[in-house]
Amino acid sequence: MNGIKIRGTGRGVPGKLVTNRDLEQVVDTSDEWIASRTGIRTRRFCGEGESVSTLAAAAARAALEDAGIGPEEIGACIVATLSADTLVPSAACLLQRELNLPQDIPCFDLNAACTGFLFGLHTMECLLNASPRKYGLVVGAENLSRLINWEDRGTCILFGDGAGAAVVECREGWPSISAIMGCHGSSGLLHVPGAETEGHSWISMEGTKVFKFAVEAVPWCVDQVLKKNGRAVEDVDFFVFHQANARIIDLAVRKYRIPPEKYYKNIAEYGNTSAASIPLVLSELREQGKIGPGSRLLAVGFGGGLTWGGCLIEFA
Ligand code: COA
């Protein structure tokens, strides 16, 4: 199988800034508690006129521009999300229309919660191998503020809205991203009701149990990706972790002795943006010049489902 590389990245960031101090007015919490337990200081929420669709379109446009690719060259479009504006049409179908992507390509949403973007990269690699067009659009976009239970201080402080996108290219002879991924069905630990619900569609989570799952899943994924690719920690230029809790990232960094210049945290600004978190990191790293042509990244995600995944991906 021919592999994919990232050609360009972009992001869509909603306008409304919400600080921990703002949340102190809503629930019994404190800036100190939130920052010390999670690393989060602010998050962005969708305001008037903003939605998964508008954020996804902004991110995708920026990624296309960064890649220097026209919409007519895209061979498939995947939006990873658990909070699409409508179940049907999917966010990806709406993006097809908004960006004027070709009509003879697959455009669909993918829900693997916070691991969605990595599931999307793997799926895109498979699709582009069977497509005459060699570029694909993978977007992670969320409007989680709509799913927050403001009576649950254990979860309402964690989540934010946003979108990130990557244009990927598939070429003969390029190595596969060799993604590893998995899931085990667990409805109790992290739950968002769907069509079956009679009440509100809110996020509920057993935070401590999910935390325990995450601190085991991250090193497991790192080890599996390195093993599958015959690589060592030193062969990786940059580690990109899902931004769910700064402490989860810190534990992995300590375990693998990753130097500060080889990993990144933006959870302080955005909170947990689920499927958008990894592409948001990619887009900021790219803008800051920390990654670019030739960079080899090891990305790891984990989340509701429960799902987990990792891959090794290069910049074209
Ligand atoms: N402000 C103040 N106190 C809070 C609070 C808040 N926002 N939320 C919970 N507390 C209190 C609890 O009521 C509890 O009080 P008690 O001891 O008197 O009962 C205490 O803080 C500890 O609560 P607990 O839920 O055990 O905290 P924690 O250390 O596990 O941290 C999370 C909570 C959510 C930050 C943490 O579990 C976490 O990050 N989990 C993983 C999240 C994650 O990765 N989710 C997404 C996967 S993609």
Side-chain angles (χ1 to χ4, degrees), residues 18-43 80-83 110-120 140-145 147-164 181-192 202-222 240-253 265-268 270-281 299-310:
V18 179
T19 66
N20 290 348
R21 295 250 181 256
D22 293 331
L23 296 187
E24 287 176 0
Q25 313 304 314
V26 184
V27 284
D28 180 15
T29 190
S30 67
D31 175 45
E32 198 280 328
W33 192 96
I34 300 170
S36 63
R37 296 283 178 128
T38 69
I40 300 167
R41 297 243 170 227
T42 64
R43 70 286 290 142
T81 183
L82 63 84
S83 53
L110 184 159
N111 177 359
C114 306
T115 324
F117 185 77
L118 297 184
F119 276 45
E142 302 285 10
N143 185 357
L144 300 177
S145 59
L147 302 175
I148 286 173
N149 176 0
W150 288 108
E151 289 182 358
D152 178 8
R153 66 176 180 168
T155 58
C156 72
I157 51 130
L158 294 172
F159 300 102
D161 302 338
M181 63 196 85
C183 66
H184 54 75
S186 150
S187 61
L189 296 189
L190 215 172
H191 189 80
V192 185
W202 282 335
I203 301 170
S204 60
M205 179 174 70
E206 292 202 34
T208 312
K209 287 184 183 156
V210 175
F211 188 91
K212 191 168 174 293
F213 155 72
V215 295
E216 287 169 6
V218 171
W220 191 88
C221 289
V222 171
V240 177
F241 297 107
H242 167 50
Q243 311 278 311
N245 187 315
R247 289 188 291 146
I248 296 171
I249 299 172
D250 294 341
L251 284 168
V253 162
K265 284 187 280 190
N266 61 9
I267 186 167
Y270 295 110
N272 182 348
T273 58
S274 194
S277 114
I278 287 177
L280 270 173
V281 168
V300 171
F302 55 88
L306 298 168
T307 56
W308 60 89

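When a residue number appears, it is its place in the shown sequence, counting from 1. We count ligands from 1, going down the list as the structure has it; atoms in each ligand are counted the same way.
- Proximity of Phe211 to ligand 1, defined as any heavy-atom pair under 4.0 Å, is shared by backbone and side chain alike.
- Minimum heavy-atom separation, Phe302 to Ala217: CB-CB, 4.5 Å.
- Counting protein heavy atoms under 4.0 angstrom from atom 18 (O) of ligand 1 gives zero.
- Under the 3.5 Å distance criterion, with hydrogens and angles disregarded, no donor-acceptor pair is assigned to the side chains of His191 and Ser204.
- Within the 4.0 angstrom cut-off, atom 3 (N) of ligand 1 has one or more protein heavy-atom neighbours.
- Going from atom CG of Leu251 over to atom CD of Glu216 covers 11.5 Å, rounded to the nearest 0.5 Å.
- When hydrogens are left out, the protein atom nearest atom 11 (C) of ligand 1 is Arg153 NH2, 3.6 Å; that is the closest non-hydrogen contact.
- Numbered from 1 in the order shown, with element, the atoms of ligand 1 that lie under 4.0 Å from a heavy atom of Gly303 read 48 (S).
- Of all non-hydrogen atoms in Ile278 and Val300, the two that sit nearest each other are CD1-O, 3.5 Å.
- Between Asn272 and ligand 1, not a single N/O pair is under 3.5 Å apart.
- Considering only non-hydrogen protein atoms, atom 40 (N) of ligand 1 sits nearest to Gly207 O, 2.9 Å.
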Next item on the list: Start with the C-alpha distance between Trp308 and His184, add both sets of side-chain angles, then the distance that settles ring-ring contact (aromatic ring centres under 6.0 Å, His included), and finish with yes or no.
Entry: CA-CA 9 Å; Trp308 60 89; His184 54 75; 5.4 Å; yes
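- Minimum interatomic distance between Thr115 and Gly303 (heavy atoms only, all atoms of both residues): OG1-N, 3.6 Å.
- In this structure, atom 37 (O) of ligand 1 is in close contact with the protein, since a protein heavy atom lies within 4.0 Å of it.
- For Arg153 (side chain) and Asp28 (main-chain N/O), a donor-acceptor pair under 3.5 Å exists by modelled atom type.
- On a distance-only criterion, His242 and ligand 1 share no N/O pair closer than 3.5 Å.
- Note on ligand 1: Gly154 sits in its first shell, one or more heavy atoms being nearer than 4.0 Å.
- Minimum heavy-atom separation, Cys156 to Asn149: CB-O, 3.7 Å.
- Using a 4.0 Å cut-off to heavy atoms of Thr29, the atoms of ligand 1 that qualify are 1 (N), 2 (C), 6 (C), 7 (N).
- In summary, the atoms of ligand 1 found under 4.0 Å from a heavy atom of Asn245, numbered by their order in the structure, are 35 (C), 38 (C), 39 (O).
- If you check which protein heavy atom lies closest to atom 8 (N) of ligand 1, you get Trp33 CH2, 3.3 Å.
- With Asp161 as reference, Ser145 is the one residue of Ser274, Ser83, Ser145 to meet the side chain to side chain contact (heavy atoms under 4.5 Å, CB included) rule.
- Between the CE atom of Met205 and the CG atom of Asn272 there is a distance of 8.0 Å, given to the nearest 0.5 Å.
- Looking at Thr273 and Glu142, their side chains never bring a donor and an acceptor atom within 3.5 Å of each other.
- Below 3.5 Å of separation, one finds no N or O of Thr38 facing any N or O of ligand 1.
- At a distance under 4.0 Å, a protein heavy atom can be found next to atom 43 (C) of ligand 1.
- Protein heavy atoms are found inside the 4.0 Å sphere centred on atom 47 (C) of ligand 1.
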Margin query: Let's go through Asp31 and Arg41 carefully: what are the C-alpha distance in whole Å and the side-chain angles of both, what is the deciding distance for salt bridge (Lys or Arg N to Asp or Glu O under 4.0 Å) to 0.1 Å, and is it a yes or a no?
Written below: CA-CA 7 Å; Asp31 175 45; Arg41 297 243 170 227; 3.3 Å; yes
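- Distances below 4.0 Å separate heavy atoms of Arg37 from the following atoms of ligand 1: 22 (C), 27 (O), 28 (P), 29 (O).
- Every N/O-N/O distance between Ala244 and ligand 1 stays at or above 3.5 Å.
- Proximity to Cys114 (heavy-atom distance under 4.0 Å) selects the following atoms of ligand 1: 48 (S).
- Protein non-hydrogen atoms do reach within 4.0 Å of atom 25 (O) of ligand 1.
- Heavy-atom minimum distance, Thr42 versus Asn20: N-OD1, 4.4 Å.
- Of the polar atoms of Thr208, at least one N or O is found under 3.5 Å from an N or O of ligand 1, judged by distance alone.
- Distances shorter than 4.0 angstrom do not occur between any heavy atom of Ile34 and any atom of ligand 1.
- In this structure, NZ on Lys265 lies 11.5 Å from CD1 on Ile248, to the nearest 0.5 angstrom.
- Nearest protein heavy-atom neighbour of atom 45 (N) of ligand 1: Met205 SD, 3.3 Å.
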